[in-house]
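Here the structure comes first, spelled out in structure tokens, and everything after it is commentary.
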There are 2 protein chains.
Amino acid sequence: MSYSIKDVADMMGVTTSTLRYYDKEGLLPDVERKNGIRVFEDKDFKWSRVLNCLKNTNMPIKKIKEYVDLAQKGDSTLNERYQLIKEQKANILAQIEQLNYYLKEIEYKEWYYETAIERGTEKEVESVSSPKATLDIDQIPKK
Amino acid sequence: MSYSIKDVADMMGVTTSTLRYYDKEGLLPDVERKNGIRVFEDKDFKWSRVLNCLKNTNMPIKKIKEYVDLAQKGDSTLNERYQLIKEQKANILAQIEQLNYYLKEIEYKEWYYETAIERGTEKEVESVSSPKATLDIDQIPKK
DNA sequence: CCTTGACTTAAAGTTTACTTTAACTTATAT
DNA sequence: ATATAAGTTAAAGTAAACTTTAAGTCAAGG
């Protein structure tokens, strides 16, 4: 099975230009060419899915490149790659935690506006007893 | 109670330069000055916490500015602000969902490397029965 | 054969979100 | 009083991640 650059771009939800940019940055090693045109094989397609995963969990391109370079070196870098993946997992978990924290703040705001709209004004909505008590300043996750 | 720019910057986990930049972009309306120096009152501090929430849930500065401008107009924009907040809530939920999806992919990779390290090589790890079956391509969330 | 659409490159341009610099003023501590 | 720390501005600089442009090549349909 083989895929065009458009196939892969569609799978990743990016443009073909973006994919070519990734290639130029070294994120797509060893993609074959036929008459100068990129032909993605199954291994490249799978690799693109890994890239997509790292990219969509906010790993910077430079860091992804490090991972690519490690993978290129073969079995001797298995441990380094394992550490990198575990780091990224911790990263994702932290992101989810942070989003859940701010979700609560937004839900308070949602209630705030519902109450304000009911009353026709924002004035004194803050002093109305809210279903979720105002969040504690000390709990703001530090970046 | 009043706060210095540093106090607010520390609360938000940004530098004072960043806060001045936000101010210049109009995200901090009506902060008073004493001898040219910004003095944040309780209302400004609270507002900064809202900014921080929107910023850390990946709302672009331009969109935050729209929200600021609506808030400046008073009660007549309550509904618009409510819609914007609901939009952002949906946004956060989508982000969490996406992160949870990719977390599973990363956990597969984690298992993959644990197995490869045990065996000393990556070769044929893919064909080993994994605890979490390989994820289906069709399930990749589109951006 | 010819057009249309997809592919190619290198290089320049864009956007977002800061960050740094320089020159200066104000506040705090000894 | 004086040094140091923290505040101020406008403007230029930076970094990341694309995006666009220009000029071309290649493959398929009518």
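A note on names: the letters A, B, ... follow the listed sequences, proteins ahead of strands, and every chain is numbered from 1.
- Closest to the side chain of B/Y21, from the set D/dG7, C/dT19, C/dT8, is C/dT19.
- In terms of phosphate contacts, A/N35 brings no side-chain nitrogen or oxygen within less than 4.0 Å of OP1 or OP2 of C/dC7.
- Crowding of B/K62 atom NZ: a count of heavy atoms from other residues, nucleotides or ligands under 6.0 Å not exceeding 12.
- Residues B/F45 and B/F40 keep their aromatic ring centres 6.0 Å or farther apart.
- To the nearest angstrom, P of D/dA17 lies 10 Å from NZ of A/K55.
- Proximity of A/K24 to the phosphate of C/dT9: no side-chain N or O atom is located under 4.0 Å from OP1 or OP2.
- Going from atom CD1 of A/I5 over to atom C1' of C/dA6 covers 10 Å, rounded to whole Å.
- Residue A/L28 contributes atom CG, which lies 15 Å from atom P of D/dA17 at whole-angstrom precision.
- The nucleotide whose nearest atom lies closest to any side-chain atom of A/Y22 is, among C/dT8, C/dC7, D/dC18, D/dC18.
- Checking D/dG7, D/dT9, D/dC18 against the side-chain heavy atoms of B/T16 singles out D/dG7 as nearest.
- For the pair B/D10 CG and D/dA6 C1', the computed distance is 13 Å after rounding to whole Å.
- Out of D/dT8, C/dT8, D/dA17, the shortest distance to the side chain of A/I37 is found at C/dT8.
- Across the protein-nucleic acid pair, B/D23 atom CG and C/dC18 atom P stand 14 Å apart, rounded to whole Å.
- As a whole-Å value, the separation of B/E25 CD from D/dA11 C1' is 14 Å.
- Between the side chain of A/D23 and the backbone N or O of A/L19, no donor-acceptor pair lies under 3.5 Å.
- With hydrogens and angles disregarded, no donor-acceptor distance shorter than 3.5 Å links the side chain of A/N52 to the backbone of A/S48.
- If you take CG of A/L19 and C1' of C/dT9, they are 16 Å apart, rounded to a whole angstrom.
- If you check every strand for non-hydrogen atoms under 4.0 Å, A/S17 touches a base.
- Taken to the nearest 0.5 Å, the OG1 atom of B/T57 stands 6.5 Å off from the CD atom of B/Q95.
- Counting only heavy atoms from C-beta on, B/T18 has its side chain closest to C/dT19 among C/dC7, C/dT19, C/dT26.
- Closest approach to the B/K6 side chain among D/dG7, C/dA27, C/dT8 is made by D/dG7 (side chain taken as heavy atoms from C-beta onward).
- Put simply, A/R33 has no side-chain N or O that comes within less than 4.0 Å of OP1 or OP2 on D/dC26.
- Here A/S4 reaches the OP1 or OP2 of C/dC7: one of its side-chain N or O atoms lies under 4.0 Å away.
- For the pair A/R20 CZ and D/dT19 P, the computed distance is 13 Å after rounding to whole Å.
- Within the nucleic acid shown, B/R38 comes within 4.0 Å of sugar-phosphate atoms alone, with no base atom in reach, counting heavy atoms only.
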